[in-house]
Amino acid sequence: MQTSTQPAGTRRRDITSGLLMLLFVLLGILFLSACGHPKQAHVNVPPPPPPASTTEPTESRSAANVPAPKTVPKPKEEASAEADLAEPTLPANARPVATETGLASWYGPPYHNRRGSNGEIYNMHAMTAAHRTFPLGSIVRVTNLKTGSTTLVRITDRGPFIPGRVVDLSLAAAQKLDVWKPGVAKVKVELMQSSASPASPGKWAVQIGGFPHEPAATKLADHLKRRYHTANVLCFASPVGDWWIRIRVLDDDHERAQKLAAETQTPEGSVFVVRLD
């Protein structure tokens, strides 16, 4: 057996070096162990979508169960206004009661929205007309002899008070009959439905005018009052500013009115027999 001759100091250094080497080995093992299990990164992952519904959405289902909105009827006032503007109607078997031919004119402002002879407020957009002798409320068919246009109108007023003219149309009727632009047109007027019975005598008067100035109208009115004591003589201004005389004879009699008209002469204007009802 050999005896070691290595000095003691050298052995201690070797032991220390071995221990250090062993420590480094252990640290290396621990480091490699930590690297083998890396820390998981934190990621915000959105939640999964909810499962698809097999039923209809509540809103759609509710809408399907709601009944369709009902048509709201128009107020009575609005329906009545539309009826007043509409063209009158007649039975299919209606035949003319009387016929005349002459000139038609039309009237709008300043008569629009003023009271007419029948007591109603005149509306130039309604299918109405003025006539001197047909009973108020009668239905008349007017035909433009040049264009062939025809329409039905309701008589609501008195006029026209111009010689040669037989009917004064509302603006709406004049537009339908092609009278609006020319202002005057030759027409045929047919009384289709009378508001008065054939046996009704009616109420009649005489109308004279128009006078451009009041003194001339007043002078003639005073003369007629002195001459016809039983007559009611009225002098008045029209909406356009001219002056008129209306004479209501005794009992509103037709023959008396015709006789007075034939006997009366005027320096201005014209004399007309006019029906009041």
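Owing to the predicted nature of the structure, the values given are computational and were not obtained by experimental measurement. Both backbone and side-chain heavy atoms feed into the values below; hydrogens, waters and symmetry mates do not.
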> Taking all non-hydrogen atoms of both residues, which atom of Ser105 and which atom of Asp168 are closest, and how far apart?
Replying inline: OG-OD1, 2.6 Å
>> Is it the case that the side chains of Glu87 and Thr151 hold a donor-acceptor pair, with the cut-off being a distance below 3.5 Å and no angle test?
In response: yes
> Heavy-atom distance under 4.5 Å between the side chains of Val167 and Leu169, does that happen here?
Replying inline: yes
>> So does Ala257 get a backbone contact from the side chain of Trp204, meaning a donor-acceptor N/O pair under 3.5 Å?
In response: no
>> Looking at Asp251 and Asp253, would you say the former's side chain and the latter's main chain have a donor-acceptor pair under 3.5 Å?
In response: no
>> Using side-chain heavy atoms (C-beta onward) and a distance below 4.5 Å, is Arg246 in contact with Phe236?
In response: yes
> Hey, are Glu100 and His131 close enough side-chain-wise for a donor-acceptor pair under 3.5 Å?
Replying inline: yes
>> For a ring pair (Phe, Tyr, Trp, His ring centres under 6.0 Å) check, start with the C-alpha distance between Phe272 and Phe161, then their side-chain angles and the critical distance, and finish with the verdict.
In response: CA-CA 7 Å; Phe272 304 92; Phe161 295 106; 5.5 Å; yes
>> Do Leu152 and Leu90 make a side-chain contact, defined as non-hydrogen atoms from C-beta onward lying under 4.5 Å apart?
In response: yes
> Is the shortest heavy-atom distance from the side chain of Ile245 to the side chain of Gln207 under 4.5 Å?
Replying inline: no
What donor-acceptor contacts under 3.5 angstrom involve side-chain atoms of residues 213-223, with partners at least two apart or in another chain?
unit_1	atom_1	unit_2	atom_2	d
Thr218	OG1	Glu214	O	3.0

>> Are the side chains of Arg275 and His254 in contact, using a 4.5 Å heavy-atom criterion?
In response: no
> Do Asn118 and Thr156 pass the side chain to side chain donor-acceptor pair (under 3.5 Å) test, and can you show the C-alpha distance, the side-chain angles, and the key distance before you say yes or no?
Replying inline: CA-CA 5 Å; Asn118 67 344; Thr156 61; 4.8 Å; no
> Between Arg154 and Glu120, is there a side-chain N and carboxylate O pair less than 4.0 Å apart?
Replying inline: yes
> Does Glu263 pair with Lys259 as a salt bridge, N-O distance under 4.0 Å?
Replying inline: yes
>> Just verifying a value: how many Å separate Leu145 CG and Thr101 OG1, rounded to the nearest 0.5 Å?
In response: 6.0 Å
> Of all heavy-atom pairs between Trp106 and Val179, which one has the smallest distance, and what is that distance?
Replying inline: CD1-O, 3.8 Å
> Backbone N or O of Pro160 within a donor-acceptor pair of the Arg132 side chain at under 3.5 Å?
Replying inline: yes
> Where do Gly148 and Thr143 come nearest, in terms of heavy atoms and distance?
Replying inline: O-CG2, 4.2 Å
